Structures are given as structure tokens and as C-alpha cells.
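Right, one structure below, let's go through it.
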There are 2 protein chains.
Amino acid sequence: MDVSVKGEYALRAVFELSRQGRPEPVKIAKIAERQKIPQKFLEMILAQLKQGGYLGSRRGVDGGYFLARPADQITVGDILRQIDGPFQPAKRPFADEPMDSPFPEMWDRVERALSCVIDRTTFADLVERWRQRRVKGVPNWQI
Amino acid sequence: MDVSVKGEYALRAVFELSRQGRPEPVKIAKIAERQKIPQKFLEMILAQLKQGGYLGSRRGVDGGYFLARPADQITVGDILRQIDGPFQPAKRPFADEPMDSPFPEMWDRVERALSCVIDRTTFADLVERWRQRRVKGVPNWQI
DNA sequence: CGAATCCCTAGTAAAATAGTAGGGATTCGC
DNA sequence: GCGAATCCCTACTATTTTACTAGGGATTCG
């Protein structure tokens, strides 16, 4: 019941892109450095997020990655599902197995509970909360 | 974000023990057969649940496993944590990394949401729901 | 005793995870 | 058009985890 490192990296990367509202592309190298992610690994992750339609990119000298849509229209659930696959807590009823069991219903509850958090938390939310804490919290600069 | 097969087996085994309220031990072989679990694998799982204090056992001719306490005092969360380990959705803040991030707070929300289901669902609940559905013949009315 | 059962230690094939390596394709300023 | 900067693509790999299997040892009880 945990998120892969790859999934975490993906979230951090999208957060990094959301943080700077500007539409200019951000280079892989920059994201990797700021979020402490191995660059080559990050390349694969970003490619996957692009093909999911969450990011866009531009090559060349002023190239980089950028959000394909506003941060308030991308949720944590979107990204996690794109990277780690759909998380059904347990395999759905075995095809051959008629064993009626009380678990599928419970897994549904789990899935709904989870969804209430991850599918309702957008990156705009994350940035906002982070800014809030920034202001009245540790005066630890950065950007 | 999924439960291991081992975890599922553990849940099914404890459910099987909860189902027959009787205090007589149930043999591994019986549980394995009724829940379609590889017997030798199940042995390891049950041993783990016993050492967690959830089950008791008796050897010999009328031996078997039994719940170490009433089914309404064992939750799904208990069993999953014992088998799959504590599920923190993502690693807690990296010790060396001061990078203040908006994610720990979100992971807390996830954990709480999850807990609301799995730590409040006892095996007594599961058995009861399962009996209910049994009675009225799976009318399958969903949402 | 001896049959039935749980108990314990090891081993292992396959898959998933977390990367690395090396170069190819675009873009853009000049 | 050249070349530097950047993204893009395919393949490889070491490590860990998963889902078991094997083989016997220790208890219990009639």
C-alpha cells in the first residue's frame, strides 16, 4: 500500500512545474536538480507524463517541459495512475472463482476513500498550501 | 497502491476462521482448500499472524488454528499491517533532505482516509455483511 | 508408539523496481 | 546551413520483492 519512488518523482516534477505559473518550458536538468531526481530517470518519467497528456514539451535551445493544462485541472490521482497504473487495492474477483466474498465491497470503500483525497487534490491546491505554509512558517528562502 | 497476494490470503484465512464462530481449531489444510490458497504458503502466513498475536494454534491430531480474540476485535488493518508491513503511502521526509514539500501533509490525509475504512472494519463486520448478502440472494443493487 | 498436525529453515523462479548508457531527432540563434 | 542545446528513444542491468516450493523436525493425543 505504498507509492513507488517513480510515482513520487512524478509528483515532485509536476509540482515543480506548477510552482512557477509561467508558461516557459523548464528544462529536465533544472527539475532534476531542484527536486533531487536522477536526470535520466526523470526523462523517462516526463515522457510518460507527456504521453498521458499532462505535460507538453519543446526541444532545442530554450526547450523544456510545461504543464499541458492549468494546475487546477491536474490531480495527484491523475499523475499517480499514469505512472504506477490504476491502483485497485486487490485484484478484482477471480474470473474462475465463484467464492462469494465480503472483500470486493470493502475494496470499493477503500478505493472511494482514497479517491476522495487524491482525485480532489489538484496541483494548484498543493502550491497554494505550500505558499501558505511558506509565509507563516520557516523563513527558508528559495526562489 | 495495492495489496499483495499474501495480504489477500491472510485476510481470507482470518475471514474463514471468523466465519465459524466455534472455538475448535481449523486445520491449515481445510483453510487452504476452502479459500483456494497454496497450503505451504498459507502455513507461513498463519505463523506470521500467530506471532502477531491474532491467532492461536494447537498441534496434534485435533489441532489447527483459531482466532486469539473475538472477531469484533480484529480489524482488516491489523492483518494487513502484520503481513505487508505498515503502509505509509510514501517515504517520510528524507532525513537529509530539508526540501520542504507539500506532500507529507497530503500523505497524512491519505493515511487517515484509508484508516477510516480498514481500521474500522472488523472481521465480525465482514461476516455479518456477508451473511446479510447471503440471505437476500445477492440482489446486486449497487450505487 | 505412531499418526496427524503445526513448526522451522532454506531455496528459488519470475517479476518489478530503480535506475544507467548511448546515441538520435529537433529547435533556434547566428 | 552550422552547431549547440535540448528533448527523445531503445536497450540493458543490478537489486529487491514476490510468491511460492522442499524437506524435514517438534508436539499432541489416542
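Worth saying up front: this structure is predicted, and the values here are computed from it rather than measured. In what follows, chains are A, B, ... by sequence order, proteins preceding strands, each numbered from 1. Computed over heavy atoms, backbone and side chain alike; hydrogens, waters and symmetry mates excluded.
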Examine [N]: is either OP1 or OP2 under 4.0 Å from a nitrogen or oxygen in the side chain of [X]? Give yes or no.
X: A:Ser57; N: D:dT6; answer: no
X: A:Lys50; N: D:dC8; answer: yes
X: A:Tyr9; N: C:dG19; answer: yes

Base, sugar-phosphate, or nothing: which does [X] touch, judged by heavy atoms less than 4.0 Å apart?
X: B:Leu46; answer: nothing
X: B:Lys40; answer: base
X: B:Lys6; answer: sugar-phosphate

Do side-chain atoms of [X] reach the backbone of [Y] as a donor and acceptor pair under 3.5 angstrom?
X: B:Arg131; Y: B:Arg19; result: yes
X: B:Gln39; Y: B:Ile28; result: no
X: A:Gln48; Y: A:Gln82; result: yes
X: B:Arg133; Y: A:Ser101; result: yes

Would you say B:Asp119 and B:Ser115 are linked by a side-chain donor-acceptor pair, where the criterion is simply a distance under 3.5 Å? yes
Given the structure, check if the side chain of B:Glu43 and the base of C:dC7 hold any donor-acceptor pair shorter than 3.5 Å. yes
Strand DNA chain D as a dot-bracket string - pairs counted if Watson-Crick or G-U with both distances under 3.5 Å, | where the partner lies in another strand: ||||||||||||||||||||||||||||||
Counting side-chain heavy atoms from C-beta on, which of C:dA18, C:dA10, D:dA5 comes nearest to B:Met44? C:dA10
